[in-house]
Amino acid sequence: MALDEIKISRAIIKRFMEKFIDYLDIDVAIVGAGPSGMMAALELAKMGRKVAVFERKLSIGGGMWGGGMMFNEIVVQKEGSDILNELGIKTIETEDGLFTADSVECVTTLASLACKAGAKFFNLMSVEDVLISNGRVNGLVINWTSVEMAGLHIDPLVVRSKYVIEATGHPVEVLKVIQRKCGHKLLTPSGEIEGERSMCADIAETTTLENTKEAFPGVYVAGMAANATFGSFRMGPIFGGMLLSGRKIAEIINQKLSV
Ligand code: 48F
């Protein structure tokens with residue numbers, strides 16, 4: 001059978017539209033396909049939740065791809081190493097109590113497992129706003145990244161979700177929009193984003209987990225965004241906290257969904 005280019009095009013369009021329409025109303029919408037977002041997606045999908053990840057860039061993986069300063073190895077502590085091993089990713093104890101892993105293996109394995117567990121990734125889509133009613137976030141306002149980049153005046157579309165995970169890393173983009181537009185206080189001491197502090201890996205890794213929690217009704221913050229929201233430090237290329245944070249937020253939301 002000769003290949004028909006129109007059928008190829010139709011297959012892509014048909015299948016994408018089916019998938020997109022199916023994911024317009026979901027349990028959990030995750031913003032950002034970095035390590036914390038991907039880990040949360042994997043765990044929630046394994047728990048049977050309908051979950052999608054919206055990622056601005058063409059590639060998923062966020063800050064994990066580049067390891068530290070483009071040396072594509074990441075560092076994790078024992079707890080992080082245990083999670084990576086559980087996912088089938090090899091780690092090596094390279095310094096006392098510090099394990100290294102190939103960053104490409106980490107990103108590809110996390111992404112693959114999340115997809116196989118049923119999470120859907122929508123890359124090249126940027127979250128520009130939230131859907132809000134009665135002071136609670138109920139979904140995301142999304143547009144193509146190409147529209148954002150070109151600065152085109154094109155209205156977005158909306159995804160409804162029972163919960164949103166803010167996993168946009170350092171820029172804390174979703175909560176920044178909420179702070180600017182929603183007229184309600186965030187669940188932080190000042191009611192606003194407290195802001196990220198300089199590097200202190202030791203404290204930052206512990207506080208990432210503590211700060212992984214609800215930050216606004218309907219919005220749960222994970223990963224580096226959690227520390228930036230609640231005013232803690234950055235940690236640099238150590239990723240255990242990101243994995244633990246993704247796992248913790250998935251557990252919290254799964255419990256809420258079970259009520
Ligand atoms: O930055 P990122 O990797 O977030 P993370 O999961 O991990 C942080 C670490 O990579 C590292 C660190 C400690 O280990 O400090 O930086 O907290 O991934 C965030 C992803 O969110 C996407 C962005 O492109 C990146 O891939 N993103 C950010 N804003 C938006 C977005 C947005 N408005 N819409 C869609 N995606």
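All values reported here derive from a predicted model rather than from experimental measurement. Hydrogens, waters and symmetry mates are skipped; everything else that's a heavy atom, side chains included, is used. Read the numbers this way: they start at 1 and go in the same order the structure lists the ligands and their atoms.
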request  = Would you mind listing which atoms of ligand 1 come within a distance below 4.0 Å of any non-hydrogen atom of Gly223?
outcome  = 17 (O)
task = Of the side chain and backbone of Ala167, name the one, both, or neither that has a heavy atom under 4.0 Å from an atom of ligand 1.
result = backbone
inquiry  = As an exercise, identify every atom of ligand 1 less than 4.0 angstrom from a heavy atom of Gly236.
reply    = 12 (C), 13 (C), 14 (O)
key: Shortest protein heavy-atom distance from atom 9 (C) of ligand 1, along with the residue and atom involved   = Phe239 CE2, 3.7 Å
ask   = Should Asp27 and Lys50 count as an ion pair when the cut-off is N to O under 4.0 Å?
value = no
request  = Would you mind telling me which of Ile30, Leu175, Val174 makes a side-chain contact (heavy atoms from CB on, under 4.5 Å) with Thr168?
outcome  = Val174
inquiry  = Heavy atoms only, cut-off 4.0 Å: how does Val31 contact ligand 1, side chain, backbone, both, or neither?
reply    = side chain
ask   = For ligand 1, is any non-hydrogen atom under 4.0 Å from His170's backbone (N, CA, C, O), its side chain (CB onward), both, or neither?
value = side chain
task = Check the side chains of Ser126 and Asn143 for a donor-acceptor pair under 3.5 angstrom, ignoring hydrogens and angles.
result = no
task = Using a 4.0 Å heavy-atom cut-off, say whether Met242 meets ligand 1 through its side chain, its backbone, both or neither.
result = side chain
task = Using only heavy-atom distances, determine whether the side chains of Arg234 and Thr208 contain a donor-acceptor pair under 3.5 Å.
result = no
Protein contact of atom 33 (N) of ligand 1 - nearest heavy atom, named by residue and atom, plus distance = Glu173 OE1, 2.8 Å
inquiry  = Just to be sure I'm reading this right: ignoring hydrogens, which of Ser36, Ser245, Gly63 gets closest to atom 6 (O) of ligand 1? Compare them by their nearest heavy atoms.
reply    = Ser36
ask   = What is the nearest protein non-hydrogen atom to atom 21 (O) of ligand 1, stated with its residue, atom name and distance?
value = Gly32 CA, 3.1 Å
message = Determine whether a donor-acceptor pair (N or O, by modelled atom type, separation under 3.5 Å) exists between the side chain of Ser245 and the backbone of Gly223.
response = yes
query = Between Asn85 and Thr91, does any side-chain donor sit less than 3.5 Å from a side-chain acceptor?
reply = yes
ask   = Relative to ligand 1, is Glu128 under 4.0 angstrom through side chain, backbone, both or neither, heavy atoms considered?
value = neither
Heavy-atom nearest neighbour of atom 1 (O) of ligand 1 within options Gly66, Gly37, Gly169, Gly34 = Gly169
query = Among protein heavy atoms, which sits nearest to atom 35 (C) of ligand 1, and what does the distance come to when rounded to 0.1 Å?
reply = Arg56 N, 3.3 Å
query = When you look at CZ of Phe16, are more than 12 heavy atoms from neighbouring residues, nucleotides or ligands closer to it than 6.0 Å?
reply = yes
ask   = Ser126 to ligand 1: N or O pair under 3.5 Å?
value = no
request  = Output yes when a side-chain donor or acceptor of Thr109 lies under 3.5 Å from a complementary backbone atom of Cys106, and no otherwise.
outcome  = no
task = Using a strict 4.0 Å cut-off to heavy atoms of Met125, name the atoms of ligand 1 that fall inside it.
result = 35 (C)
query = Which ligand 1 atoms does Phe54 reach within 4.0 Å, using its non-hydrogen atoms?
reply = 35 (C), 36 (N)
inquiry  = Check whether Lys176 reaches the backbone of Pro171 with its side chain - one donor and one acceptor, N or O, closer than 3.5 Å.
reply    = yes
ask   = Between the side chains of Glu194 and Ser190, does any donor sit under 3.5 Å from an acceptor?
value = yes
ask   = Would one find an N or O of Met224, backbone or side chain, under 3.5 Å from an N or O of ligand 1?
value = yes
query = Hey, quick one: are Leu187 and Val137 part of the same hydrophobic cluster, counting side-chain heavy atoms closer than 4.5 Å, chains of contacts allowed?
reply = no
query = So is there a nitrogen or oxygen of Ile238 less than 3.5 Å from a nitrogen or oxygen in ligand 1?
reply = yes
inquiry  = Can you confirm whether Glu95 is buried at CD, in the sense that more than 12 heavy atoms of other residues, nucleotides or ligands lie under 6.0 Å from that atom?
reply    = no
Sidechain-backbone polar pair: Asp22 side chain, Glu18 backbone, donor-acceptor under 3.5 Å = no
query = Are any of the heavy atoms in Pro35 under 4.0 Å away from ligand 1?
reply = yes
Polar proximity ligand 1 side, Val127 side, N/O cut 3.5 Å exclusive = yes
ask   = Who's the nearest protein heavy-atom neighbour of atom 26 (O) of ligand 1, and how far?
value = Glu55 OE1, 2.6 Å
note = atom 28 (C) of ligand 1 has as its nearest protein heavy atom Thr168 CB, 3.5 Å
